[in-house]
Amino acid sequence: MNLLLALAALSGAVAVAAGAFGAHGASGDAAEWLKTGGHYQLIHAVAALVATKLEMHGPGWLFLAGGAIFAGTLYLMALGLPRWLGAITPIGGALLIGGWLWMAWIAARG
């Protein structure tokens with residue numbers, strides 16, 4: 001079993017569900033947090049799938065971890081948990097950026 005591939009696929013499913021809930025079942029800030037989290041998580045689930053196919057597993061894991069932290073904190077706030085979780089969200093964003101930079105570095109090295 002390819003764990004990275006399986007988790008990337010699950011991440012995509014969670015992202016679609018969160019985005020749908022944000023679009024149809026939530027309102028106000030919660031709806032925006034769900035849509036934003038779903039958008040970023042879905043993009044990075046696909047990026048993790050591509051990274052797996054290219055055998056760039058390190059960046060793939062950063063995409064999944066960053067997506068989970070970035071989107072996860074937004075989802076938790078949308079579900080009513082404290083807004084201080086928003087202070088953790090940028091850690092996920094930094095991991096996402098790190099994944100892209102790592103992927104670029106691997107590609108540049110050939």
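For this chain, numbers begin at 1 and follow the sequence in order.
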Between CD on residue Gln41 and CG on residue Leu34, distance to nearest 0.5 Å
11.0 Å
Considering all heavy atoms, the nearest Gly92-Ile69 contact:
N-CG2, 3.5 Å
Can you tell me how far apart CE (Met103) and CG (Leu54) are? Round to the nearest 0.5 Å.
6.0 Å
Residue pair Gly12 / Ala45: nearest heavy atoms and the distance that separates them
N-CB, 3.6 Å
Please determine whether residues Val50 and Trp102 belong to a single hydrophobic cluster, defined as Ile, Leu, Val, Met, Phe, Trp and Tyr linked transitively by side-chain heavy-atom distances below 4.5 Å.
yes
Is there side-chain contact between Leu7 and Trp61, with at least one heavy-atom pair below 4.5 Å?
yes
What's the spacing between Leu49 CG and Ser11 OG if we round to 0.5 Å?
8.5 Å
Closest heavy-atom pair, Ala71 versus Gly37, reported as atoms and distance to 0.1 Å, is CB-O, 3.5 Å
Nearest 0.5 Å, what's the CG-CE distance between Leu62 and Met56?
13.0 Å
Decide whether Leu76 and Leu42 are clustered together by the hydrophobic rule: side chain heavy atoms of Ile, Leu, Val, Met, Phe, Trp, Tyr closer than 4.5 Å, transitively.
no
Closest heavy-atom contact between His57 and Thr52?
CE1-O, 4.1 Å
Expected output: side-chain His39 to main-chain Lys35 donor-acceptor under 3.5 Å
no
Grouping I, L, V, M, F, W and Y whenever their side-chain heavy atoms are under 4.5 Å apart, do Leu85 and Leu95 come out in a common cluster?
yes
Single-linkage hydrophobic cluster Ile106~Leu101, side-chain heavy atoms < 4.5 angstrom
no
Apply the test side-chain contact (heavy atoms from CB on, under 4.5 Å) to residues Ile91 and Phe70: give CA-CA distance (whole Å), side-chain angles for both, the deciding distance (0.1 Å), then the verdict.
CA-CA 7 Å; Ile91 295 169; Phe70 182 89; over 6 Å; no
Using a 4.5 Å cut-off on heavy atoms from C-beta on, say whether the side chain of Thr89 contacts that of Tyr40.
no
What distance separates Trp33 CH2 from Leu79 CG, expressed to the nearest 0.5 Å?
10.5 Å
With rounding to the nearest 0.5 Å, note down the distance linking CD in Glu32 to CG in Leu74.
11.0 Å
Could you pull out the closest heavy-atom pair between Ala48 and Gly60, with the gap in Å?
CB-O, 3.8 Å
Plane angle bin for Phe63 and Trp100 - parallel if under 30°, tilted between 30 and 60°, otherwise perpendicular
tilted
Same cluster or not: Trp105 versus Leu96, using hydrophobic residues (I, L, V, M, F, W, Y) connected whenever any side-chain heavy atoms lie under 4.5 Å apart?
yes
